[in-house]
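Below is one structure; the comments refer to it alone.
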Amino acid sequence: TSPDIVGYARKMERLSRKACYIAMRVPIHDGVVGELSLRIHGCWHDSPNFVVGYNALLQAGITGHVVMEESVRHWRDASLEEALARAKRHLRLHDNRHDDMIVDTLKRRLVLRNGEQFWPDGMRSALVWWHPTARP
């Protein structure tokens, strides 16, 4: 959750003996949270994630190896209210200004399965690792 991933990586390098490891969330390319983030914040990336983080590391000259989880664990919520709370948490929203638009989007995008709200979004992680002494 560091706002300065490159600074964090450099600190890891200074303190590392053998290797540095960072796990990052991998967003779904057409996810609901991404769509909402674009509408609310003006950018698709709802939070620091692999796409943003790995590119920042590359620009800083850190070329890490990547191990990506194969499967996606999809989110499920017991109600539309819980789905709204999840969306607001991911979007870091603390007021009700966007609630109607979020609920409309959730109704359009989520699927009711076995009494639960099933998200096309989900969680998958990427592990980025490198040897700090191997950098040029």
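Reckoned from all heavy atoms, side chains included, excluding hydrogens, waters and symmetry mates.
With values rounded to the nearest 0.5 angstrom, I22 atom CD1 is found 4.0 Å from W130 atom CH2. Atom-to-atom distance recorded for R109:CZ and D104:CG is 13.5 Å, nearest 0.5 angstrom. The CZ atom of R39 sits 9.5 Å away from the CD1 atom of I102 when rounded to the nearest 0.5 Å. Taking CD of E116 as the start and CG of N114 as the end, the distance is 7.0 Å to the nearest 0.5 Å. Taking CZ from F118 and CG from L110, the interatomic distance works out to 9.5 Å, rounded to the nearest 0.5 Å. To the nearest 0.5 Å, atom CG of residue L57 and atom OH of residue Y8 are 11.5 Å apart.
Shortest non-hydrogen contact noted between S37 and C43 is OG-O, 2.7 Å. In this structure, P27 and R25 approach most closely via the heavy-atom pair CD-O, 3.6 Å. The minimum heavy-atom distance between A83 and D77, with the atom names listed, is CA-OD2, 3.3 Å. Across G53 and I5, no two heavy atoms sit closer than the pair CA-CD1, 3.8 Å. Between D121 and H74, the shortest heavy-atom distance links the atoms O-ND1, 3.1 Å. For the residue pair I28 and P120, the shortest heavy atom distance occurs at CG1-O, 4.0 Å.
By the criterion of side-chain heavy atoms lying less than 4.5 angstrom apart, applied directly or through intervening Ile, Leu, Val, Met, Phe, Trp or Tyr residues, V26 is not grouped with V67; the two fall into different hydrophobic clusters. By the criterion of side-chain heavy atoms lying less than 4.5 angstrom apart, applied directly or through intervening Ile, Leu, Val, Met, Phe, Trp or Tyr residues, V72 is not grouped with V33; the two fall into different hydrophobic clusters. By the rule that hydrophobic residues join a cluster once side-chain heavy atoms approach within less than 4.5 Å of another member, L93 and L38 end up as members of separate clusters.
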Between K88 and N96, is a side chain to side chain contact (heavy atoms under 4.5 Å, CB included) present by the stated rule, with each step listed? CA-CA 9 Å; K88 289 176 71 170; N96 300 340; 3.1 Å; yes
Side chain to side chain contact (heavy atoms under 4.5 Å, CB included), that's the test. Do M101 and I40 meet it? Break it down for me. CA-CA 9 Å; M101 184 271 295; I40 294 167; 3.4 Å; yes
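For the pair K11 and R14, the minimum side-chain heavy-atom distance is below 4.5 Å. Residues L127 and Y21 meet the side-chain proximity criterion, which asks for heavy atoms closer than 4.5 Å. Taking the side chain as every heavy atom from C-beta outward, L106 and Q117 never approach each other to under 4.5 Å. Residues M24 and V51 fail the side-chain proximity criterion, which asks for heavy atoms closer than 4.5 Å. When side chains are defined from C-beta on, T105 counts as touching R108, because their heavy atoms get closer than 4.5 Å.
Between W129 and H131, the ring planes lie perpendicular to each other; the angle is over 60°, past the 30° to 60° tilted range. The aromatic rings of W119 and W75 sit perpendicular, their planes meeting at an angle over 60°, well past the 30° parallel limit.
With hydrogens and angles disregarded, a donor-acceptor distance shorter than 3.5 Å links the side chain of N49 to the backbone of V52. Remark: side-chain polar atoms of H41 are paired, donor with acceptor, to backbone N or O of L91 under 3.5 angstrom.
A salt bridge links E13 to R10: one of the charged nitrogens lies within less than 4.0 Å of a carboxylate oxygen.
Screening residues 64-73 for salt bridge (charged side-chain N to carboxylate O under 4.0 Å, His left out), with sequence neighbours left out, gives E69-R73.
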